[in-house]
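Contents: one structure, followed by commentary.
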Number of protein chains: 4
Amino acid sequence: MARSARYRPVQRRSRATIDNILDATARLLVRHGYQGLTTNHIAAEADIGIGTVYRYFADKNELLAALRDRASAEMTQELIKAIGASLSFEPAVAVRQLFVCLVDALERDRAIISALASEVPMGLQSNILPAVEGQIAQFCRLFIAHRRPDLPDTEVEEYVYIGMTLAFSAALRIAVEREPQMDRQRLIDRAADVLTVWIESTAAATA
Amino acid sequence: MARSARYRPVQRRSRATIDNILDATARLLVRHGYQGLTTNHIAAEADIGIGTVYRYFADKNELLAALRDRASAEMTQELIKAIGASLSFEPAVAVRQLFVCLVDALERDRAIISALASEVPMGLQSNILPAVEGQIAQFCRLFIAHRRPDLPDTEVEEYVYIGMTLAFSAALRIAVEREPQMDRQRLIDRAADVLTVWIESTAAATA
Amino acid sequence: MARSARYRPVQRRSRATIDNILDATARLLVRHGYQGLTTNHIAAEADIGIGTVYRYFADKNELLAALRDRASAEMTQELIKAIGASLSFEPAVAVRQLFVCLVDALERDRAIISALASEVPMGLQSNILPAVEGQIAQFCRLFIAHRRPDLPDTEVEEYVYIGMTLAFSAALRIAVEREPQMDRQRLIDRAADVLTVWIESTAAATA
Amino acid sequence: MARSARYRPVQRRSRATIDNILDATARLLVRHGYQGLTTNHIAAEADIGIGTVYRYFADKNELLAALRDRASAEMTQELIKAIGASLSFEPAVAVRQLFVCLVDALERDRAIISALASEVPMGLQSNILPAVEGQIAQFCRLFIAHRRPDLPDTEVEEYVYIGMTLAFSAALRIAVEREPQMDRQRLIDRAADVLTVWIESTAAATA
DNA sequence: TATGAATGAGTTTTCATTCAT
DNA sequence: AATGAATGAAAACTCATTCAT
């Protein structure tokens, strides 16, 4: 907000230092949660001076946003690769494969995801998933438009919206919030069933 | 530390004052988000002394928890009433009715829900929905067990888990996060379709 | 300070209520120390309203002063009785008897003495012992003046001052601050020795 | 609570700043007593920001403890020097010299001693004298053990305990609590007499 | 006379941010 | 470019005291 008006000299910024800071932040977030995550902590964990942190990030919010963006980008990349690999399978199989991959990805980053999503008081701003979801949605849009050129844009948009919601929220639950006594594999099967049934029913309905 | 037990006199606490404080908190949360939500602000908004806030709530967390519980209870009540009213319809219709009711309820409380869920840094602790969802899930469990006494408990549990996830996450999106250009009614229809199709397919599969 | 100017209607004050308040204060002081000793606590412990406390004591300081005075008076009374009983013995024996009695008295009230003396931030104002000591010193003065009418007042005063200091500080240590592995009886003997030797030497010197 | 360990960066701490803070605290304590001794006042008196106080001391207690330790160390140092200087004199003379030195030291620091001992509500924790006394007692133990190797340890311990109690409490009275009309020199003489007589009597008794 | 709900000035403490070195 | 000592606004919370009932 106040940021754009602040004087900021043109300077060479070291990618390595930025990653060092971001890594330190992620480590602390996973280790202790947002409570007690201070910029001074971050500097100490990254083994640099606090002043250096502020050479690379205008303020704490910007730092957290950069962390969010980096995590989003990594996860997006991974999912897009999985989509590429699934393209040759038939829809029902592909959907299941992608869903498994999504749960895996969320599970791997569960700590950082849940820390950023549910502890950092930046509102939805700090959430990693919307960005990831937006990217993936883009692919789905193209895919559907390619397969069903007859559907109007708004309808495509609605399918994508519902589909993304279902896929991501189910995967998130299974990966991050699942209670220990529930069976991971069976939940994945059930959720994939829903997606498959739904896709098939809509394909039939609009055929 | 040395104080063995917090002093808390037995006393008559005024329901009106508690509601006044909770209302003020909700108003501030909706208006400005969690950032800047201080106990002093709350007292000022409620037009009482800061000491009074601490007469009724041991600390800020307890206050927020009370707000969460009140909102949860209200929403749960409303949904249970809707469930009662839907009991006589056939499944497909009932599901649609209930889903509409859920979206309505979430929409009505959207401000407080999203503020508590995504801005208060208490982790999932501050989220209203889990409590509501848990209550409703209880009903679904009973209902399914009644209609399908042959299903083992763990399977019922899985269906409920997936069903609740789908219903609540879809409804939450439509009510709270829907982008303005999307049509509310059509999204509700699509989401209800998913639920209906899924319920019918599982009924058929296990028949 | 501001107290004398405060309006205070002439009223009947119940001795029982005052003692109730003082007892409650003493109990809390012994139980939890000065930390956490609030007037509201005191009222709750005494099972009366906080307003009632302020009907009987202008402020917290006055309450504490009343407690100090009451404890002082009780201890003084007890010691004076012991002095009366020792009067017929010869000096060396009497001194030892009185010293034992002093240690006993301090030990009995150790909790309240140490709480008031070392935790209440009223400076020396809160200490019980000066008042007790002053009263006892008065007796000693009379006794010495009676036995040694030839000594000038200032000299009597000095003897009393030194004697009181030695007796009370030694007794206080033995009763309140003694480390557990030290033998109470032997310490009493040693301390009584000092007093006896000193008294005899001064008697001889001035003879 | 959730913060696993207090963040405390490894850093160069300026001795000058610490002393500045401690000096300011001592000044305020002497000037106004413990009442009204707030960390904010200390910062203002030291002419630094409140944050700086907390860079050097974790909390108010630690600050007060540091002040106590500094005062203790200074006084101990001084007394030990005096002991060294007295070692060549015969006992009666040495005792008197040391007692005078003790009264001097206490008198010099009377303000801070009485403030810390009788106003800071940390119990005996805040008292300067126990630490000083403990150090000096150590010397006496060694000295007695050297002169009277036949005495059992517990007996030495008792003599030291009684002797320290007498010396310190008498000196404290004379230095800090003496009423103005009493003659300092004569009180010192009387008190030194007690110590001398006692030492000689015990030497004779155990010879 | 007794009550106890309400008060708010005052306290400790935190931590994002600056800037002289 | 990097540093880290210093900062101080702001937050949570306490508790002696008042006063309407």
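In this text, all values refer to a predicted model and were calculated from it rather than measured experimentally. Below, chains carry the letters A, B, ... as their sequence lines are ordered, and counting in each starts from 1.
- Residue pairs satisfying the salt bridge (charged side-chain N to carboxylate O under 4.0 Å, His left out) criterion with at least one member in residues 28-40 of chain C, sequence neighbours excluded, are listed as follows: C:R31-C:E45.
- One atom, CG of C:L64, and another, P of F:dA16, lie 10 Å apart when rounded to the nearest Å.
- For A:T39, counting side-chain heavy atoms from C-beta on, the closest listed nucleotide (E:dA6, F:dA16, E:dA16) is E:dA16.
- Distance alone, capped at 3.5 Å, places no donor-acceptor pair between the C:H32 side chain and the C:L37 backbone.
- Applying the 4.0 Å criterion to OP1 and OP2 of F:dA5, one finds that D:T17 has every side-chain N and O outside that range.
- Which of F:dC15, F:dA12, F:dT17 sits closest to the side chain of C:T38 comes down to F:dC15.
- Counting only distance, with no hydrogens or angles, the side chain of B:D109 and the backbone of B:I112 share no donor-acceptor pair below 3.5 Å.
- Here F:dA2 presents its P atom at 12 Å from CG of A:N20, a figure rounded to the nearest Å.
- Taking the side chain of D:Y56 as heavy atoms from C-beta on, and the options E:dT17, F:dA5, E:dT13, the nearest nucleotide is F:dA5.
- The CG atom of B:D59 sits 17 Å away from the P atom of F:dA11 (whole-angstrom rounding).
- For D:D19, the salt bridge (Lys or Arg N to Asp or Glu O under 4.0 Å) criterion is met by D:R15, D:R70, not counting sequence neighbours.
- B:R110 pairs by the salt bridge (Lys or Arg N to Asp or Glu O under 4.0 Å) definition with nothing, not counting sequence neighbours.
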When you compare the protein's N or O atoms with those of nucleotides 7-9 of chain F, which come within less than 3.5 Å of each other, and at what distance?
from: F:dT7; atom 1: OP2; to: D:G49; atom 2: N; distance (Å): 2.9
from: F:dT7; atom 1: OP2; to: D:T52; atom 2: OG1; distance (Å): 2.5
from: F:dG8; atom 1: N7; to: D:G51; atom 2: N; distance (Å): 3.1

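- For B:A73, the side-chain contact (heavy atoms from CB on, under 4.5 Å) test picks out no residue, with sequence neighbours left out.
- For C:T52, the side-chain contact (heavy atoms from CB on, under 4.5 Å) partners are C:T17, C:I48, C:Y56, not counting sequence neighbours.
- Residues passing the side-chain contact (heavy atoms from CB on, under 4.5 Å) test with B:N40, sequence neighbours excluded: B:T38, B:I50.
- Taking atom OH of residue C:Y34 and atom C1' of nucleotide F:dC15, one finds them 11 Å apart after rounding to whole Å.
- The CZ-C1' distance, from D:F57 to E:dT12, rounds to 16 Å in whole Å.
- Spacing between atom NZ of B:K60 and atom P of F:dA10 amounts to 15 Å, rounded to whole angstrom units.
- Remark: C:A71 pairs with C:I128 by the side-chain contact (heavy atoms from CB on, under 4.5 Å) rule, at least two apart or across chains.
- For the pair A:H41 NE2 and E:dA16 C1', the interatomic distance rounds to 13 Å; values are reported in whole Å.
- Here the P atom of nucleotide E:dT11 and the OH atom of D:Y54 are 12 Å apart, to the nearest Å.
- In DNA chain E, the stems built from three or more successive Watson-Crick or G-U pairs (distances below 3.5 Å) are E:2-21 with F:2-21.
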